Structures are given as structure tokens and as C-alpha cells.
Protein chains: 2
Amino acid sequence: MTTARSDGGVKSVQLAFDVLEAVAAAPGEVGVSELATLLGTTKGTVFRHLQTLVERGYVDQNTVSARYKLGTRSYLIGQVAAGRIELLTASSDAIASLRDDIGETVVVSELRNRTLVVLRTVFGKSNLEIGVRQGSELALHGTAQGKVALAFSNRALLQHVLRQGLPRLTDHTIVEQAKLEAELELARTQGFLTAPNEETFGINAVAAPIFDRMGNVAGTVAIVGSVQNIKPAPDQIQIEAVLKASLRISWNLGYDRGAIDARKRTEAAAS
Amino acid sequence: MTTARSDGGVKSVQLAFDVLEAVAAAPGEVGVSELATLLGTTKGTVFRHLQTLVERGYVDQNTVSARYKLGTRSYLIGQVAAGRIELLTASSDAIASLRDDIGETVVVSELRNRTLVVLRTVFGKSNLEIGVRQGSELALHGTAQGKVALAFSNRALLQHVLRQGLPRLTDHTIVEQAKLEAELELARTQGFLTAPNEETFGINAVAAPIFDRMGNVAGTVAIVGSVQNIKPAPDQIQIEAVLKASLRISWNLGYDRGAIDARKRTEAAAS
DNA sequence: TCGAGCGTTTCGTACTGCAAGACGATTCTC
DNA sequence: GAGAATCGTCTTGCAGTACGAAACGCTCGA
């Protein structure tokens with residue numbers, strides 16, 4: 001879809017997943033007509049796909065209201081997937097101790113297909129729950145996690161983001177290319193980044209990159225909280241805890257500092 | 001779906017889910033050829049569907065080995081589903097306290113489309129982990145859960161099971177119709193059932209039915225353990241704990257004893 | 001060097017999923 | 001209690017597409 005040449009796989013399957021995800025996105029139950037208008041297609045088509053999904057168990061139909069919601073198989077597939085996703089298994093211990101040590105909400109995201117998706121959120125100890133919905137996308141230019149991912153990824157991703165423009169999310173969002181690039185440079189020198197008030201006013205985060213065994217950015221780990229608890233210049237303890245967690249997760253993914261250093265030198269020579 | 005006339009929904013979507021589930025069933029990563037032979041189709045077709053699934057994020061492709069495994073979206077859909085499946089949310093508290101009180105493994109299953117699927121397993125306190133894999137199917141004639149579900153379901157389900165035959169799983173499996181029907185009658189009078197050595201030698205369980213707001217069997221809750229810890233005639237404490245849990249879950253589902261009693265009377269009159 | 005295996009790509013055709021509309025059954029409105 | 005306006009479900013002709021077969025690079029190991 002980014003390039004015109006790709007055919008996008010099997011069309012009716014795409015539609016089936018559109019339906020499934022629309023059912024997932026809806027709060028509570030949804031009806032056929034509702035889904036049809038939502039997806040811009042006809043009732044008949046949606047109905048047919050829902051039949052398939054119900055038969056498979058991915059969607060359940062309430063026998064009295066005749067409306068639809070997510071079914072058991074969707075849950076079970078997710079359970080299996082939880083054990084197969086490296087970033088998830090590799091990070092579980094580290095995020096637990098990070099949360100316990102610091103007390104703030106911990107968010108792990110995965111860089112996938114030019115987007116940064118929230119994989120897991122563990123709420124902090126505060127009574128006020130501050131977090132990011134699992135599955136939501138993080139702005140690459142407007143969040144600590146996004147900027148840090150951008151900083152350690154290849155140039156193509158940055159150019160992609162710049163081409164899309166830098167939408168202003170709050171008064172403090174970085175919207176100038178020069179300023180963004182300075183921030184990325186800062187990330188590369190200090191190994192982490194903050195983003196006070198940049199995505200949501202009153203909220204700050206400390207984010208560090210997670211590398212896979214190839215030395216590429218697999219995702220990010222971050223603590224998220226109010227600017228009161230996470231200052232624009234965060235406590236050294238907070239910074240070190242996030243950095244420690246990111247290294248621990250990267251290590252679990254098979255990351256080897258020697259390999260990435262070698263890669264960096266190669267790239268520096270090429271640039 | 002019970003009749004042969006049904007077309008079973010969208011064919012290519014069926015295949016897509018076959019592929020997805022085959023990927024989920026495989027330990028670790030799988031290749032295209034392997035999946036093709038497994039599903040009895042061609043490499044090209046499997047590849048095409050994998051493309052779709054990868055693009056959607058339900059499946060990931062390892063860039064170095066070129067083989068496939070479950071992806072992030074599968075996990076995220078499951079996370080959403082976990083919050084939407086009534087039986088899961090309604091049972092979470094009850095199974096936690098059942099496990100803590102009794103110490104044995106707790107298994108919650110859902111009756112769906114004439115099969116009993118394991119929704120959730122919480123391991124007991126023993127060092128030896130005895131449990132049933134999430135997503136696996138329980139034999140309706142050969143497990144405590146299955147028999148109990150059968151006992152409180154409609155006659156059609158029993159007839160369906162009898163038509164399929166009663167495969168012998170161990171020396172103690174019930175394979176005679178008369179004996180099975182006596183067991184079901186016992187379930188209806190005492191409200192629970194055991195199955196020592198019937199499915200696996202050395203293993204026993206205490207299972208009770210879970211009812212939904214319509215008074216139909218939604219699933220079962222059970223403790224599972226070695227015959228040493230769960231005797232053929234279990235401790236009164238164990239029995240009462242399972243019954244209490246089943247009532248609590250049924251209550252959370254909106255079950256009303258008055259409604260089911262009325263229904264029973266109607267059925268008794270009809271039989 | 002060869003061959004066997006892999007994942008990927010191409011291509012023509014049989015088939016099948018889509019759009020449009022009809023159909024009962026509910027649920028409102030008056 | 002009758003009519004209108006939904007709802008989910010079902011049918012049908014046609015256009016488009018997903019499938020199977022075979023070929024293509026490529027990476028191994030013999």
C-alpha cells in the first residue's frame with residue numbers, strides 16, 4: 001500500500017479482517033448495518049463475513065439481540081501469540097521491575113511497518129491511572145518513544161515521517177525539521193529522550209530504544225507520568241532505570257553491542 | 001452449519017484462518033512448504049495468504065530465516081477479546097479465590113458449537129504442574145467437565161455425542177451409554193461430577209456447570225489434580241468450593257435460579 | 001559442481017465473492 | 001393496534017479474483 005505495486009494480498013480476507021477489527025474496535029456489541037456503513041460496504045457482504053467469523057469462533061453472535069462481539073478464538077489466538085512474540089516475553093521481567101522500582105506507568109511499544117504500536121502498558125502505583133491504550137499508535141515525532149525510535153532507525157523512516165508532515169498535537173510539539181533532528185542527535189548521544197507536554201499537556205515520558213539481535217530498533221520502553229512526577233529534566237534514578245530496562249530487554253532479544261557498533265561504523269563510512 | 005446445505009461462509013477467508021491457526025499451532029516458526037503440505041494445498045496459495053496476514057500484522061516473517069510466526073495483531077486482538085468475553089471476565093475473581101483456597105489447578109471451559117473448549121487454566125500451588133492447554137477440546141464423555149456439561153445441556157447434544165461413539169481414552173473411560181446416562185443423572189442430583197482416571201490415568205477432577213442468563217450451560221469450572229490430591233470421593237471442602245465458584249460465575253453472567261427452575265419444569269413436562 | 005530444498009513469482013481459467021434488492025421479524029410512532 | 005422504519009437474513013447474475021501448476025532465483029550441503 002505504500003507502493004502502488006503491491007497487490008495487498010487476498011482481497012476478501014482483507015475485508016474479513018476489516019470486519020473483525022471493526023468488531024474489536026466497537027465498544028460492546030455491533031450490528032450488521034452499523035458495520036456496513038462503518039466499512040463503506042453492503043450489509044450482505046458484512047453478513048457473509050460475519051458468518052465465517054462466527055463459524056470459526058472469532059466472533060460471537062448474541063442469540064437474543066442478534067448483534068456481534070469478539071469471540072473465544074480471538075482470545076485464544078492472542079494467548080498463543082503472547083508466548084510467541086519475542087519482544088513481549090523478553091520484556092516481561094524488565095517492565096515488572098521497572099514499574100516496581102520507579103512506580104510510574106511502563107509502556108512497551110514495537111516498531112512495525114513504519115509505525116510504533118503500544119504492545120503493553122503496566123499502570124504505575126499512583127491512584128491516577130495514566131497510560132496508553134494497548135494497540136494504539138504512537139506519533140513518531142510527537143512522543144518520547146517515537147523520537148527515540150526515529151533516532152536509532154534508518155534515515156528512510158525519518159524521511160517518511162517528514163514527508164507526512166509534523167502535525168502539531170500541543171503547543172510544545174516539535175513541528176520544525178531542524179529542531180526534530182537536533183532532538184534525534186541528542187537521543188543518540190544520551191541514549192534516551194523525554195517529551196514534556198509534547199503529545200498531551202501535563203504528561204511526560206522517558207523513553208529508551210530496544211534493539212534486536214541485528215542491532216535494529218525493535219521498539220521502545222518508557223515510563224509515562226505527569227510532568228509533576230517525571231520532570232522535563234527527569235531524576236537520574238528514573239533515567240538509569242529506563243536505560244537499564246532497555247538494555248536488559250535488548251539483551252534478551254540477543255542484542256550484542258559489538259555487532260551494532262560495527263554496523264554503525266559501516267553506516268558512518270557510507271554516509 | 002449442522003446441515004450439509006450451509007456453504008460455510010467465505011471460502012478464501014476460511015483458508016486464511018486455516019493458515020493462521022496452523023501458524024499458531026506450530027511450535028516456533030514454520031515455512032511455506034511445511035504449511036502447504038499440512039493444509040493440503042499449494043505453496044503459492046499459502047504464500048499469498050501469508051502475505052495478507054503479514055501485511056495485517058497477524059503474522060510476522062523472520063527476515064533472516066524467511067519463516068513465519070504469530071504477529072503483534074494476533075496478540076492485540078486477543079487482549080481486546082479478553083475484556084469482551086463474558087465468561088472470562090465473570091470468572092476471573094472466582095477462579096482466583098478457588099485456586100487460592102483449594103490449591104489445585106483450576107480450569108474454566110466454554111461450551112461452544114457442540115464442543116467444550118478450555119478457556120483458561122490457572123495452575124495450582126503444587127510444584128508439579130497439572131493442567132489442560134488453553135484452547136484444547138475436552139471430551140464430552142470422558143472428562144468431568146464434559147459429562148457435567150452434557151448433563152445440563154439439551155438432549156440433542158447427548159444424542160450427538162452418542163452418535164459419534166464413546167472412544168475409550170483409558171481403562172476407566174465410560175464407554176457404555178447406560179453408564180453414561182446414569183452418570184448424567186448423578187450430576188443433575190448432586191450438581192457436580194468427578195472423573196477419576198477416565199481421561200488420563202492418575203488424574204481426577206471436580207467439575208460444576210456454569211449457566212448463563214438464559215439458564216443454558218455456558219461452560220464449566222473445575223479443579224484438576226492427581227488422584228492423590230483429588231480423591232475419587234473428593235473432600236467436602238473441595239466440592240463445596242467448586243460449587244461456590246460455579247454459582248458465583250453463573251451469578252455474574254446474570255443467571256437467575258428461578259428462571260432455570262421454570263425452564264426445567266417445562267422440559268420435564270415435555271419429556 | 002550439482003541437486004534438492006527453500007520462499008517467491010507468474011499466468012490462465014474456473015469459480016466465487018460482491019452488489020443490489022427482496023424478505024420476514026421487530027421495534028418504534030402515532 | 002396499524003403503519004413506518006428499522007433490523008438481520010437470504011437470493012441471484014455477473015465481474016473479478018483466488019486457485020493450481022509450473023517456473024524462478026537462491027541457499028544450502030554433498
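All values derive from a computational prediction rather than experimental measurement. So you know, we letter chains A, B, ... as the sequences are listed, proteins then strands, and number each from 1.
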Task: Closest-nucleotide 5' rank along DNA chain D - winner of A:T45 and A:V13 - done: A:T45
Open item on the list: Considering only residues two or more places apart or on different chains, which pairs with a residue in residues 29-38 of chain B satisfy side-chain hydrogen bond (donor to acceptor under 3.5 Å, both in side chains)?
Closed with: B:E29-B:N62, B:E29-B:S65, B:E34-B:R67
TODO: Consider only side-chain N and O atoms of B:Q79 and A:R120, and report whether a donor and an acceptor are under 3.5 Å apart.
DONE: no
Check the distance between [N]'s [atom2] and [X]'s [atom1] and give it to me in whole angstrom.
X: B:H49; N: D:dG20; atom1: NE2; atom2: C1'; result: 12 Å
X: B:Q14; N: D:dC19; atom1: CD; atom2: P; result: 12 Å
X: A:L15; N: C:dT16; atom1: CG; atom2: P; result: 18 Å

TODO: Starting at the 5' end of nucleotides 4-15 of chain C, put B wherever the base has a protein heavy atom under 4.0 Å, S where only the sugar-phosphate does, and a dash everywhere else.
DONE: --SBBB------
Task: Ring centroid separation B:F17 to A:F17 under 6.0 Å - done: yes
TODO: Apply the test side-chain hydrogen bond (donor to acceptor under 3.5 Å, both in side chains) to residues A:T72 and B:E110: give CA-CA distance (whole Å), side-chain angles for both, the deciding distance (0.1 Å), then the verdict.
DONE: CA-CA 9 Å; A:T72 313; B:E110 183 182 47; 2.2 Å; yes
TODO: Compare side-chain N and O positions of B:T41 against OP1 and OP2 of D:dG20 and report whether any pair is under 4.0 Å apart.
DONE: yes
- [ ] Nearest 0.5 Å please: distance from the CG atom of A:L50 over to the OH atom of A:Y68.
- [x] 5.0 Å
Open item on the list: Which residue in the set A:V161, A:L138, A:L180 passes side-chain contact (heavy atoms from CB on, under 4.5 Å) when paired with A:K147?
Closed with: A:L180
